[in-house]
Amino acid sequence: MSEVYGSWWWPYVMILVAGFLATECWRWIGVFASGKLREDSLLFAWVRAVATALIAGIIARLVLFPEGVLGDVPVWLRLAAVASGVVGYKLLNDRLMAGIISAEFVLIGGWAFLI
Amino acid sequence: MTSSDMDIDEGEDPSEFEGGAYWFRQGAKGAFCLPTLILMMAFVGFTSLAREVGLTLTEVLLMSLFMWALPSIVVLTGAMSAGAGLISAAIAVALSAVRLMPMTVALMPVLRDGKRTKTWHMLIVSHFVAVTAWVFAMRNLPSMPRAARLPFFAGFGSTVHFVVLCSTALSYMMLPAVEGPIAAGLVLLTPIYFMFSMYQASRTSGDKAALILGLILGPVFYHFFPGADLLLTGFVGGTVAFVGWLFATRRAEL
């Protein structure tokens, strides 16, 4: 088995099967599942709500249980950064950039201060 | 360039081909915007991680090109650096990519132009479905004529894809390994950007409720049902938000 793992083509098989097929198949299933679904139907509103909640779950996971460098930052500082992002976003009339900059400012500034 | 632009300006119907080419170019122009810049930065954060675990430039570019969904790319990077087997890596990536399915289902009715849209066109443009393009499309496409939507989305998606691939290659080759607070900041960009752009793309109070419920339920389900947490968050959070919205807005009819 170790010969397989070490060979030059192994990463490409991983990328093709575990990468490409494992992600792209969901998009294809989505195309076929959408069938004759209409934009103004209730079913469509439900699917949109499910997709939205799913992405929100990913957002929470990326902030609360990150791997790597962000995981070294204490959880209270990560949450403080997100909270100040929300405050900055609301204060400046729902500006995307205001939210992002205030969150990044608190995280980078706070973490540079702590270490 | 000029003739098809003129047709649109004068309000005449352009031929189908010219109209498509025109909207494709408009989509490509639309790609030079803040979300693309943020996505580029997020990929810079990823190249830093990829170099750390020893992925080559070719591998990084192939992953970006073929997968085009940053959270799933990060999962595969983790699996490859841990020496995981093909099957377990594929399962982990597939679980992280399930969200692409409801996203695609929700986008297709917006993109489709009745019977005139061919399925293989939809299969091709579905490759561009990822949070950035999805949010952009859900916000901007509904106000466009139906015939314009698919070419516009194709132009937008392919341009963003190309620009991000170029910047990823450049940052892999030229930037020194990013460390410390800046690296943490680059990783935080993805969730922060996702959160605000999802909020802006939400059309109804039901969508907003789904976003907030997902943020709360996600960690709870992650704690109690790791592995199935994302699917559960989507179905439970989305359904509760949808039913609540339905009752709030249609009480008279029910």
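What's counted below: heavy atoms across the whole structure, side chains too, no hydrogens, waters or symmetry copies. Order of the sequence lines sets the chain letters (A, B, ...), proteins ahead of strands, with each chain counted from 1. Keep in mind the model is a prediction, meaning the values are calculated, not measured.
- When heavy atoms are compared at a cutoff of 4.5 Å, A/Ile55 approaches chain B solely by way of its side chain, counted from C-beta outward.
- Of the two parts of A/Val73, only the side chain, counted from C-beta on, holds a non-hydrogen atom closer than 4.5 Å to a non-hydrogen atom of chain B.
- With respect to chain A, the highest number of heavy-atom pairs below 4.5 Å among B/Val240, B/Val110, B/Ile38, B/Thr56 belongs to B/Val110.
- Atom CE in B/Met63 sits 12.5 Å away from atom CG in A/Leu16 (nearest 0.5 Å).
- The two residues B/Leu189 and A/Ile100 come nearest to each other via the heavy atoms CD2-CG2, 3.7 Å.
- Both the backbone and the side chain of B/Leu215 come within less than 4.5 Å of a heavy atom of chain A.
- Each of A/Gly35, A/Cys25, A/Ser41, A/Pro66 has some count of heavy-atom pairs under 4.5 Å with chain B, and the biggest count is that of A/Gly35.
- Interface residue B/Met198: only side-chain heavy atoms are found under 4.5 Å from chain A.
- Contacts classified as salt bridge (charged side-chain N to carboxylate O under 4.0 Å, His left out) and involving residues 214-236 of chain B (residues at least two apart or in different chains) are given here: A/Arg61-B/Asp229.
- Within the 4.5 angstrom heavy-atom criterion, atoms from both the backbone and the side chain of A/Ile58 approach chain B.
- For the set A/Trp111, A/Phe44, A/Trp46, A/Trp28, the count of heavy-atom pairs under 4.5 angstrom toward chain B peaks at A/Trp46.
- Using a 4.5 Å cut-off between heavy atoms, A/Leu43 makes no contact with chain B at all.
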